[in-house]
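The block underneath contains the structure these notes are about, expressed in structure tokens.
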Amino acid sequence: MVPMNQPTVEQFFRTFALTNFEVSKDEKKLFFTSNMSGKMNIWAMDLPGTFPYLFSQYDESCGGIQTDPEGRHVFAQFDKDGDENYHIYTLPYEGGIPKPFITGKSEDKFFLSETSEDGNRVYYNTSEGNPSFLNTYVHDLGTGKKTLLHEGEEAATTLSTVSPEEKTFVYTSAFANTYVISFVDIDGEKVDLTPNREEVHVSGGAVYANEDHIYFITNYDSEYAYVALFDIKTRSFKPVLTFEDEGVSTIKWDKKEGLLYVVTEKGVQDYLYSFDVSTEKLEAIDTPVDVVAQIQVAASGNVYVLGMSASKPANMFKRENGAWEQLTNNRVLGVSPEEMVEPGVVTYKSFDDMEIEALLFKPHEENDNGYTVFWPHGGPQAAERKFYRSLFQCLAYEGYTVFAPNFRGSTGYGSEFVKLVEQDWGEGPRLDCMAGVDWLFDQGITSKEKLFLVGGSYGGYMALLLHGRHADSFKAVIDIFGPSDLTTFVGSVPPHWKPMMERWLGDPERDKERFIKDSPITYLDDMVKPMLVIQGAKDPRVVKEESDQIVAKLREIGREVEYIVLEDEGHGFSKKDNEIYVYTSCLEFLDQHQD
């Protein structure tokens, strides 16, 4: 008999990232970014065939793709080693090596917005000449002339969409994640889409149904985001589609049928609907995924979706005549669906009786090693949802329970809940996390001797803070590019983030005492458990100095700290080998610190 091979740790990480897809106008080509070659690149498929091939030969992260409607070329934005300083390149329609198209200094950023319907003009946003607030330009491919359309002021402002005849333009200005204003430029006059810009709310995701009607997403005067209509001729605002406890996250316009496709989020899961704007008929659509990452409606009315579930990696699907067809087959090789773990959704009461929802991944009983990983998510204005994480499935396969709470500040639970983390990074969310720890103890799921703490980005910050203030509750700690000092963090973020920092985190001078109290570096003496710290050298969001300083200070006082620096990564992993190395190191670290 041939012996059966058990899955290795690496197999769980050999799934691929699939992001930023674009379907050509004739639906004969599907473009998407992936690390199938080990590094991020643009890949393509000639539909209806389903065999992907390498489209760009650049080996860098791509932040967006725009196809020429006439099939002449493809535009894409690439950064360098994860630094997020995107520049715009062009590629032949049959693929090849990207050539610089709209570029500047290495520190400048150029973000694709969209191309005109005839493909002759490219709209983009840039930090060039305005690093804090961004400017918007249109580039005419025929003349080579670039024209300034809008100069950002007060807040980072980007072009959201352009009317079909390119007469009016919708922009968004972000004062904070929870305070985003949208306005339409009508012959140089800026007209807000919502009635009162002074009321803190979010509006965005605009689509033109025609030259006069703009549908968009807003939570203006509401707990949950909904679909609204702005009429350019009458300059009037009207809510058109609301949900009781679901927030609208994405809308797409089906010009052929006069439908809006609407994606909503409710806690850890997404839902998809079609909405006939003339009859106001709403239809729920079953999807093959739990989380919809991206959706596109083709001119034919066919719907393309990129999505995933907790036990199913990202894949792309096409819906035609009411039926879904899976276009890609991204999966964990050598692991059967029965060996994967579906999370349970649990709730618990926090210190102030607020209800907190969490995902609980429990390993199959025969694999259970008795240890638990506590995972505070990043963001912080994000959420842990039913999307596929290789790390979670690998941990569960290795016998670890994984607990991921959506503490206050998480998205998917209403606008007021999201705002609760603003200017309170280290008190309410921290106590929510500790209430989750106590719940795990009370339920008999784990104990102080068997609980590990792992987090990335804001989750890395929270891992450091929980370690410094509640070390007795944990066995060992892993911090993946988390801020260590709020004062230095505020001063080091990208320039176009800085206008948002006041509402998001506060002022380091005015709020000095709170910054000190909520900074992990304040609690060095109490960080007594073994630690692993991971950092990308090119990280523009949480710069390397954030990890350098806390590692150096901990080592000075004799603490046990392992430190991994990835010289060619930013705030995440663009290279598959780096991802495998990091998460394999994490698993080895956890295994080493079991009793």
Donor-acceptor contact below 3.5 Å, side chain [X] vs main chain [Y]:
| X | Y | result |
| --- | --- | --- |
| Lys529 | Ala471 | yes |
| Ser415 | Glu223 | yes |
| Lys576 | Phe13 | yes |
| Ser56 | Ile42 | yes |
| Glu560 | Arg555 | no |
| Asp539 | Gly536 | no |
| Arg514 | Gln423 | yes |
| Thr15 | Pro313 | no |
| Tyr461 | Ser519 | no |
| Thr522 | Ile516 | yes |

So, [X] and [Y]: side-chain donor and acceptor under 3.5 Å apart, yes or no?
| X | Y | answer |
| --- | --- | --- |
| Ser203 | Thr218 | no |
| Glu546 | Thr488 | yes |
| Glu569 | Ser574 | yes |
| Asp442 | Tyr348 | no |
| Gln549 | Ser484 | yes |
| Thr172 | Ser182 | no |
| Asn135 | Glu151 | no |

Assess whether a salt bridge exists between [X] and [Y], defined as any Lys/Arg side-chain N lying under 4.0 Å from an Asp/Glu carboxylate O.
| X | Y | value |
| --- | --- | --- |
| Arg430 | Glu427 | yes |
| Asp81 | Lys575 | yes |
| Asp290 | Arg385 | no |
| Glu357 | Lys266 | no |
| Glu422 | Lys419 | no |
| Glu60 | Lys39 | no |
| Asp352 | Arg408 | yes |
| Asp353 | Lys349 | no |

*Does the side-chain contact (heavy atoms from CB on, under 4.5 Å) test come out yes or no for Val418 and Tyr413, once each step is laid out?*
CA-CA 7 Å; Val418 178; Tyr413 304 93; over 6 Å; no

Distance, nearest 0.5 Å, that separates [atom1] of [X] from [atom2] of [Y]:
| X | Y | atom1 | atom2 | value |
| --- | --- | --- | --- | --- |
| Leu524 | His467 | CG | NE2 | 10.0 Å |
| Thr487 | Glu509 | OG1 | CD | 8.0 Å |
| His571 | Gln535 | NE2 | CD | 8.5 Å |
| Asp568 | Asp83 | CG | CG | 12.0 Å |
| Tyr583 | Phe589 | OH | CZ | 15.5 Å |
| Ile217 | Thr250 | CD1 | OG1 | 5.5 Å |

*Could Lys475 and Phe452 be counted as a cation-pi pair, given that NZ or CZ must be under 6.0 Å from the ring centre and within 45° of the axis?*
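Cation-pi check for Lys475 and Phe452: fails.
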
*CA sep, side-chain torsions, deciding dist, call: Arg541, Glu84, salt bridge (Lys or Arg N to Asp or Glu O under 4.0 Å)*: CA-CA 9 Å; Arg541 306 186 189 192; Glu84 300 182 21; 2.9 Å; yes

*Parallel, tilted or perpendicular: which describes the rings of Phe489 and Trp504, with under 30° parallel and over 60° perpendicular?*
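Ring orientation of Phe489 relative to Trp504: tilted.
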
Looking only at heavy atoms, which two atoms of [X] and [Y] are closest? And how far apart?
| X | Y | value |
| --- | --- | --- |
| Gln594 | Asn369 | NE2-ND2, 3.6 Å |
| Leu420 | Gly409 | CB-N, 4.5 Å |
| Met527 | Met531 | SD-SD, 4.5 Å |
| Pro494 | Pro540 | CD-O, 3.1 Å |
| Gly64 | Asn20 | N-ND2, 4.0 Å |
| Asn219 | Val202 | OD1-N, 2.8 Å |

*With side-chain contact (heavy atoms from CB on, under 4.5 Å) as the test, would you mind laying out the steps for Ile356 and Trp439 before giving the verdict?*
CA-CA 11 Å; Ile356 304 298; Trp439 182 87; over 6 Å; no

*Among Thr446, Asp591, Thr372, find the residue that satisfies the side-chain hydrogen bond (donor to acceptor under 3.5 Å, both in side chains) test when tested with Tyr400.*
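The option that passes is Asp591.
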
*Checking side-chain hydrogen bond (donor to acceptor under 3.5 Å, both in side chains) against Lys109, which of Asn125, Asp79, Thr126, Asn85 comes through?*
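So, applying the side-chain hydrogen bond (donor to acceptor under 3.5 Å, both in side chains) to Lys109 and each of Asn125, Asp79, Thr126, Asn85, only Asn85 qualifies.
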
*Decide yes or no on ring-ring contact (aromatic ring centres under 6.0 Å, His included) for His377 and Tyr458, but give the supporting numbers first.*
CA-CA 7 Å; His377 65 72; Tyr458 177 86; 7.2 Å; no

*Show your working on salt bridge (Lys or Arg N to Asp or Glu O under 4.0 Å) between Glu384 and Arg389 and close with a plain yes or no.*
CA-CA 10 Å; Glu384 196 59 46; Arg389 284 193 187 273; 2.8 Å; yes

_Exactly one of Phe110, Tyr124, Tyr123, Phe111 should register a ring-ring contact (aromatic ring centres under 6.0 Å, His included) with Tyr137. Which one does?_
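Only one option passes, and that is Tyr124.
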
*Which residue, Phe403, Phe374, Phe392, Tyr397, forms the ring-ring contact (aromatic ring centres under 6.0 Å, His included) with Phe361?*
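Testing Phe361 for a ring-ring contact (aromatic ring centres under 6.0 Å, His included) against Phe403, Phe374, Phe392, Tyr397 leaves exactly one candidate, Phe392.
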
*Crowded around Lys80 NZ? As in, over 12 foreign heavy atoms under 6.0 Å?*
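Result for NZ/Lys80: open.
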
*Report, as yes or no, whether the 6.0 Å neighbourhood of atom NZ on Lys450 holds more than 12 heavy atoms from other residues, nucleotides or ligands.*
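Above 12, so yes.
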
*Candidate pair Thr401 and Leu360, rule side-chain contact (heavy atoms from CB on, under 4.5 Å), full reasoning*: CA-CA 7 Å; Thr401 295; Leu360 180 65; 3.7 Å; yes

